[in-house]
Amino acid sequence: MKQLAVLGATGSIGDSTLAIIRKHPEKFKVFALSGHNNATKLIRLALEFRPAVVCVTSESAYPEVQQGLTASGIEVTMGHEALNQLVNESVVDMVVAGIVGNAGMSSVMAAVDAGKTLLLANKESIVSAGELVMPRAREKGARIIPLDSEHNAIYQCLGTSYQVGERPVGVASITLTASGGPFWEKPLAEFASITPEQAVAHPRWDMGAKISVDSATLMNKGLEVIEAHWLFNMPETEIGVMVHPQSIIHSMVNYLDGSVLAQLGDPDMQIPISFGLGLGQRITNNASFLDLLSVGQLQFTAADDHKFPCLDLARQAIRHGGTAAAILNAANEVTVKAFLNHQIGFLQIPEMNDKILNSLPIEAVESMAQLSELDRRVRVLTQQLIKQAN
C-alpha cells in the first residue's frame, strides 16, 4: 500500500486524486492533506480520509481547521515550512503536487530533495525553476510523473521504462495538442475588442479565469512547451503545437521510423492522475470511456504564432534560457490580472509580456530565493508598465 501526501487537496487536482483513491482503498493510504483557504472542505476531507497530518497554508484558515479537527486526533500544522517538512516524512511514498502557482514551488523542491515519487501538477515549478528541479531530481533519485494531460500523454506514449528528464530514445519530436480556446477562428482584426467575459468563456470547459485567458492567448500552451522542454529534455525546435478543438488526442510522440503514437481519451483529469498513481499500471477511475463514433471526426489546425504571439514568446524564453521563463511567467500573471480587471486590452497582454521579457537581463538560475526575488521585481515592473499605458 502506497502512502500519499496530497498537496492542494481542496482544488481540482485534489478532487480527482481523492476520487481515485476512494476506488482503491487497498492500494492507497492518505498520510497527509494540505489546503489553503477552504477550511470547511479541508476538515470534511480530513474526517473522511483520516490522514496523520493536515497542513494549512493560510494563517487565517488555520484556527478553524484546528478547531474542527480537535477531537479527531489528526495533527494540524501551518505554513509552507511545515508543508515542506511533511513531504520529507520517510513514510510518504508519493507526493501529489496540486498546489497552484508559485505557492507550490517550495514543496515541489522539498519533495525532489527528499527523493520522492512526485506526481506533478504544479506548472510554475518547471516553467520557472526547471533548471533547478530537473538536475536535482536526477541527483536525488526523485521520480517525476507529469499530471498535465498533455505531458502525461507524452509520458504514456514513451513507455513504462522511460524516466522523465531523459532525452527519449528513438524520438524525432513531440506534438502538444491545444483546444485553441474561444478565438482560434476569430479574425485578428477583431482581437482589440475582446472582453474578459468573452475570454473566460472557453468553448469546452469551465475553468478558472486566469487559465481561461491563458488558453485564449495560447500562453497556456506556450508554458506547456517550456515544461515539455525540461520534462523530456528536448529543444523547442522538436516540440510542436497543433490546434485540435475536440481535445480527444492529448498529445503525440513522433518516432524516428515514421511511427506516431498518440494518447486518446475523454478530457478528464482522472485519466492522467490514475496512470500516475498506478506508476504506469492501469487502474480504474470514474472517467467515461471514449466513444469515437459519437465524436465523429477529429480536426487539426496549425497553431498561428501571428495571431497568438504568446506561444512564440514562450519559445523565445527557452532560447534565452536562464531566468527568461520565470520573467515571462510572472509578467503574464500580472497582465492577465490587469486584463480581467479591464485595465488593459486583450492585445496588450502579449505586447507587455514581450516588453518585460526583452527588457530585463537574463541570469543563470541559481536558487529559489533568487527566483522569488525576481518574481517580485517583475511584478512591480509590469504593474508600472500597465500604469504608464493608462
Next item on the list: Check for a donor-acceptor pair, side chain of Ser372 on one end and backbone N or O of Met368 on the other, with a separation under 3.5 Å.
Entry: no
Item checked: Separation between CZ of Arg319 and CD of Gln316, rounded to the nearest 0.5 Å -> 5.5 Å
Notebook entry, point to check: Checking side chain to side chain donor-acceptor pair (under 3.5 Å) for the pair Asn122/Ser125: CA distance, chi angles, key distance, verdict?
Noted result: CA-CA 6 Å; Asn122 177 273; Ser125 58; 3.1 Å; yes
Item checked: Hydrophobic cluster membership, Leu223 vs Val100, 4.5 Å side-chain cutoff -> no
Next item on the list: Could you check whether the rings of Phe300 and His244 sit parallel, tilted or perpendicular, using 30° and 60° as the cut-offs?
Entry: parallel
Next item on the list: Measure from the side-chain N and O atoms of Arg138 to the backbone N and O of Ala142, and report whether any donor-acceptor pair falls under 3.5 Å.
Entry: no
Notebook entry, point to check: Where do Gln156 and Arg282 land on the side chain to side chain donor-acceptor pair (under 3.5 Å) test, with the steps shown first?
Noted result: CA-CA 11 Å; Gln156 291 191 44; Arg282 306 286 174 176; 2.6 Å; yes
Item checked: Asn84 side chain to Ala110 backbone, donor-acceptor under 3.5 Å -> no
Notebook entry, point to check: Looking at the rings of Phe232 and Tyr155, which for Trp means the six-membered one, are their centres under 6.0 Å apart?
Noted result: no
Notebook entry, point to check: Just by distance, with hydrogens left out, do Thr10 and Asn38 show a side-chain donor and acceptor under 3.5 Å apart?
Noted result: no
Checklist line | Backbone of His80 reached by a side-chain donor or acceptor of Ser107 within 3.5 Å | finding: no
Note to self: Same cluster or not: Tyr162 versus Leu256, using hydrophobic residues (I, L, V, M, F, W, Y) connected whenever any side-chain heavy atoms lie under 4.5 Å apart?
What the structure shows: no
Check: Looking just at side-chain N and O atoms, do Ser58 and His36 make a donor-acceptor pair shorter than 3.5 Å?
Finding: no
Note to self: Return the NZ to CG distance between Lys23 and Leu277, rounded to the nearest 0.5 Å.
What the structure shows: 13.5 Å
Next item on the list: Give a yes or no on whether a salt bridge exists between Glu48 and Arg22, defined as a side-chain N under 4.0 angstrom from a carboxylate O.
Entry: yes
Item checked: Atom pair CE (Met109) and CG (Leu118), whose distance is rounded to the nearest 0.5 Å -> 10.5 Å
Note to self: Looking at every non-hydrogen atom in both residues, tell me the closest pair between Gln270 and Asp268 and how far apart they are.
What the structure shows: N-OD1, 2.9 Å
Margin query: Before you tell me yes or no, could you show the steps for Leu119 and Thr117 under side-chain contact (heavy atoms from CB on, under 4.5 Å), namely the whole-Å CA-CA distance, both residues' side-chain angles and the distance that decides it to 0.1 Å?
Written below: CA-CA 7 Å; Leu119 275 60; Thr117 295; 4.0 Å; yes
Check: Between the main-chain N or O of Arg143 and the side-chain N or O of Gln163, is there a donor-acceptor pair closer than 3.5 Å?
Finding: no
Margin query: With side chain to side chain donor-acceptor pair (under 3.5 Å) as the criterion, how do His24 and Thr284 come out once you've worked through the C-alpha distance, each side chain's angles and the decisive distance to 0.1 Å?
Written below: CA-CA 8 Å; His24 300 281; Thr284 56; 3.1 Å; yes
Note to self: Same cluster or not: Ile271 versus Leu290, using hydrophobic residues (I, L, V, M, F, W, Y) connected whenever any side-chain heavy atoms lie under 4.5 Å apart?
What the structure shows: no
Next item on the list: Assess whether side chain to side chain donor-acceptor pair (under 3.5 Å) is satisfied between Ser215 and Asn220, documenting all intermediate values.
Entry: CA-CA 5 Å; Ser215 178; Asn220 192 51; 5.7 Å; no
Check: With a 4.0 Å cut-off, would you call Arg136 and Asp113 a salt bridge?
Finding: yes
Check: Do Asp214 and Lys123 meet the salt-bridge criterion of a basic N to acidic O distance under 4.0 Å?
Finding: no
Notebook entry, point to check: Between Thr195 (side chain) and Gln198 (backbone), is there a donor-acceptor pair under 3.5 Å?
Noted result: yes
Next item on the list: Please answer whether the main-chain N or O of Met242 pairs with a side-chain N or O of Thr177 as donor and acceptor at a distance below 3.5 Å.
Entry: no
Notebook entry, point to check: What distance do Thr335 atom OG1 and Glu351 atom CD have between them, rounded to the nearest 0.5 Å?
Noted result: 11.0 Å
Margin query: Between Lys116 and Glu89 (side chain of the first, backbone of the second, donor and acceptor by atom type, cut-off under 3.5 Å), is there such a pair?
Written below: yes
Next item on the list: Show your reasoning for whether ring-ring contact (aromatic ring centres under 6.0 Å, His included) applies to Phe28 and Phe49.
Entry: CA-CA 11 Å; Phe28 306 110; Phe49 289 95; over 10 Å; no
Note to self: I'd like to know if the side chain of Asn152 pairs up with that of Asp148 as donor and acceptor (distance under 3.5 Å, no hydrogens or angles considered).
What the structure shows: no
